[in-house]
Asker: 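Sharing a structure with you now.
Whatever order the structure lists ligands and atoms in, that order sets their numbers, starting from 1. The model shown is predicted, which means the values in this text are computed figures rather than measured ones. Numbers here are sequence positions counted from 1.
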Amino acid sequence: MSDRFDLTGRVALVTGASSGLGRHFAKVLSSAGAKVVLAARRVDRLEALAAEIEAAGGEALAVAMDVTKADTIQAGLEATIAKFGGPADIIVNNSGLSREDWFTSMDEDDFDLVMDTNTKGVWLVARTFAGALTKAGKPGSMINIASVAGKRVGYTMSAYCASKAACEHMTRAMAVEMARYNVRVNAIAPGYFETEINDTFLNSDEGEKMRKRVPMRRFGEHEELSGPLLLLASDAGSFMTGATLVVDGGHMWSSL
Ligand SMILES: NC(=O)c1ccc[n+]([C@@H]2O[C@H](COP(=O)([O-])OP(=O)(O)OC[C@H]3O[C@@H](n4cnc5c(N)ncnc54)[C@H](OP(=O)(O)O)[C@@H]3O)[C@@H](O)[C@H]2O)c1
């Protein structure tokens with residue numbers, strides 16, 4: 001059974017690999033045998049991670065990519081093919097950011113930035129990378145990182161919540177279109193995991209109050225996303241498409 005989780009011979013793109021969950025995902029996929037393509041805007045961080053992965057015996061490529069800019073995504077695809085001989089057959093759409101404000105005072109540019117990164121960015125990367133897979137006639141797996149914020153709502157989070165709800169629903173639409181090509185498309189909806197996106201909030205008094213509302217009374221450890229990621233990336237999840245795995249310590253269903 002454990003062989004079904006093996007990713008030897010696979011090539012995995014991870015967007016947003018320069019920090020937080022993306023950095024962790026890249027290391028997990030490499031440990032499972034995949035060659036990894038590390039994409040984000042802060043290339044110095046990607047190169048340091050690539051060196052770390054190669055020192056541990058893996059293979060990695062760092063590519064500068066802004067998921068809001070189609071030309072950088074196309075360049076990332078071409079670099080992947082040049083280095084690894086074909087397109088990535090695991091695509092982890094992880095890049096994301098948040099801007100928070102009450103919607104009545106939120107700046108329009110901030111709203112656009114959140115939607116462009118978290119929703120349109122997923123679509124642009126998927127169009128290019130999944131498009132290359134179908135063109136090459138290769139099976140694959142795409143994993144979009146959504147959020148429990150796409151299922152529930154929070155004060156000052158209207159743009160982020162909308163962007164993640166759209167990301168999750170787009171996952172289903174993409175799954176239906178990709179099924180005939182044997183490309184599976186699923187999502188992971190994490191609860192709260194400490195990273196640069198939320199460390200100030202999670203370590204504040206408000207963050208502490210929220211931690212107490214999580215049924216498991218804690219935030220997640222990055223390692224607790226490894227199993228769900230590998231399930232969706234590998235043949236262990238070969239009949240799963242259009243699904244969302246919620247990984248949140250029960251936060252979604254905290255008691256009324
Ligand atoms: N941490 C949580 O509790 C949590 C919960 C639910 C969902 N998520 C989601 O998980 C994903 C990863 O977030 P994180 O928590 O790991 O936060 P993070 O540490 O802030 O990482 C965000 C990553 O996204 C990249 N990124 C942002 N804008 C980009 C752009 N235009 N082009 C390319 N890359 C871009 C950043 O890289 P560069 O700045 O170098 O480009 C960075 O690597 C996000 O989609 C987030 O919404 C996180």
Side-chain angles (χ1 to χ4, degrees), residues 13-28 36-50 62-76 91-100 109-110 112-126 128-129 143-154 157 159-168 170-171 187-203 207 210-211 214 218-226 228-229 244-249 251-252:
L13 168 76
V14 181
T15 68
S18 57
S19 74
L21 303 184
R23 180 182 155 78
H24 177 71
F25 292 152
K27 289 164 81 169
V28 170
V36 288
V37 181
L38 315 170
R41 295 165 302 179
R42 289 171 294 178
V43 182
D44 52 333
R45 287 184 176 213
L46 300 177
E47 283 170 352
L49 177 59
V63 296
M65 185 185 292
D66 180 336
V67 299
T68 67
K69 297 195 164 66
D71 57 337
T72 71
I73 298 168
Q74 180 62 32
I91 303 157
V92 184
N93 272 308
N94 167 78
S95 286
L97 49 69
S98 183
R99 291 290 180 275
E100 277 129 45
D109 289 343
D110 280 344
D112 287 343
L113 178 67
V114 172
M115 296 303 288
D116 283 352
T117 308
N118 299 358
T119 304
K120 190 177 172 192
V122 171
W123 181 80
L124 282 174
V125 172
T128 301
F129 275 80
I143 300 151
N144 298 330
I145 306 304
S147 172
V148 289
K151 294 179 169 292
R152 294 190 58 182
V153 295
M157 291 172 69
Y160 186 78
C161 290
S163 74
K164 290 297 185 177
C167 169
E168 184 181 342
M170 191 165 64
T171 298
I188 295 175
Y192 281 83
F193 293 73
E194 187 172 335
T195 67
E196 289 171 27
I197 208 173
N198 57 23
D199 51 0
T200 306
F201 170 68
L202 293 190
N203 291 304
M210 196 181 66
R211 186 182 64 74
V214 179
R218 64 179 179 86
F219 302 126
E221 301 289 337
H222 293 193
E223 186 55 35
E224 291 175 305
L225 289 165
S226 307
L229 177 78
T244 299
L245 298 183
V246 177
V247 185
D248 71 341
H251 198 167
M252 275 253 302

Asker: Quick one: look up the protein heavy atom nearest atom 19 (O) of ligand 1 and list residue, atom name and how far away it is.
Answerer: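 For atom 19 (O) of ligand 1, the nearest protein heavy atom comes out as Ser19 OG, 2.7 Å.
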
Asker: Using distance alone, decide if ligand 1 has a nitrogen or oxygen within less than 3.5 Å of any nitrogen or oxygen in Ser147.
Answerer: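 It does not: no N or O of Ser147 is found under 3.5 Å from an N or O of ligand 1.
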
Asker: If hydrogens are left out, which of Phe193, Phe25, Tyr160 has an atom nearest to atom 3 (O) of ligand 1, that is, the closest non-hydrogen atom?
Answerer: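 Comparing heavy atoms across Phe193, Phe25, Tyr160, the nearest one to atom 3 (O) of ligand 1 lies in Phe193.
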
Asker: Polar contacts were defined as any N/O atom of the residue lying under 3.5 Å from an N/O atom of the ligand; does this apply to Thr68 and ligand 1?
Answerer: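 No; every N/O pair is 3.5 Å or more apart.
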
Asker: Which of the atoms of ligand 1 are close to Ala146, meaning less than 4.0 Å from one of its heavy atoms?
Answerer: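 Matching atoms, with element in brackets: 6 (C), 7 (C).
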
Asker: If you count the atoms of ligand 1 from 1 in the order shown, which ones are under 4.0 Å from a heavy atom of Gly96?
Answerer: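 Near Gly96, the atoms of ligand 1 are 22 (C), 24 (O), 27 (C), 44 (C), 45 (O).
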
Asker: Holding to ring-ring contact (aromatic ring centres under 6.0 Å, His included), I want the full list of residues that pass it with Tyr192, two or more places apart in sequence or in another chain.
Answerer: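 Once residues adjacent in sequence are excluded, the partners of Tyr192 under the ring-ring contact (aromatic ring centres under 6.0 Å, His included) criterion are His251.
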
Asker: Quick one: look at Asn198 and ligand 1, take heavy-atom pairs under 4.0 Å, and tell me if it's side chain, backbone, both or neither.
Answerer: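 Near ligand 1, Asn198 shows its side chain, while the N, CA, C and O stay back.
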
Asker: With heavy-atom distances below 4.0 Å as the criterion, list the atoms of ligand 1 near Pro190.
Answerer: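 Taking each heavy atom of Pro190 in turn, ligand 1 has 5 (C), 6 (C), 7 (C) under 4.0 Å.
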
Asker: Counting only heavy atoms, tell me which of Gly76, Ser95, Ser18 gets closest to atom 34 (N) of ligand 1.
Answerer: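 Of the listed residues, Ser95 has the closest heavy atom.
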
Asker: Checking the N or O distance criterion of under 3.5 Å, is ligand 1 in contact with Gly191?
Answerer: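 Yes.
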
Asker: Among protein heavy atoms, which lies nearest atom 27 (C) of ligand 1, and at what distance?
Answerer: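 Heavy-atom neighbour on the protein nearest atom 27 (C) of ligand 1: Arg41 NH2, 3.4 Å.
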
Asker: For atom 48 (C) of ligand 1, which of Val14, Leu97, Leu21 has the closest heavy atom?
Answerer: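 Shortest heavy-atom distance from atom 48 (C) of ligand 1: Leu21.
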
Asker: Testing Asn94, Val92, Leu38 one by one against Thr15 for a side-chain contact (heavy atoms from CB on, under 4.5 Å), which residue passes?
Answerer: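 One option only clears the test, and that one is Asn94.
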
Asker: I'd like to check the salt bridge (Lys or Arg N to Asp or Glu O under 4.0 Å) partners of Arg41; sequence neighbours left out, ordered by chain and number.
Answerer: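 Not a single residue meets the salt bridge (Lys or Arg N to Asp or Glu O under 4.0 Å) criterion with Arg41.
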
Asker: Relative to ligand 1, is Arg23 under 4.0 angstrom through side chain, backbone, both or neither, heavy atoms considered?
Answerer: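 Neither; no heavy atom under 4.0 Å.
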
Asker: Considering the heavy atoms of Tyr192, write down every atom of ligand 1 situated less than 4.0 Å from one of them.
Answerer: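 Ligand 1 atoms under the 4.0 Å threshold to Tyr192: 3 (O).
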
Asker: Please report which non-hydrogen protein atom sits nearest to atom 31 (N) of ligand 1, along with the residue it belongs to and the distance in Å to one decimal place.
Answerer: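 That would be Asp66 OD1, 2.9 Å.
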
Asker: Has ligand 1 got any nitrogen or oxygen that is less than 3.5 angstrom from a nitrogen or oxygen of Val67?
Answerer: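 Between Val67 and ligand 1 (N or O atoms, distance only) the closest approach is under 3.5 Å.
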
Asker: Record the part of Thr117 in heavy-atom contact with ligand 1 below 4.0 Å; permitted values are side chain, backbone, both and neither.
Answerer: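 Within the 4.0 Å criterion, Thr117 contacts ligand 1 through side-chain atoms alone.
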
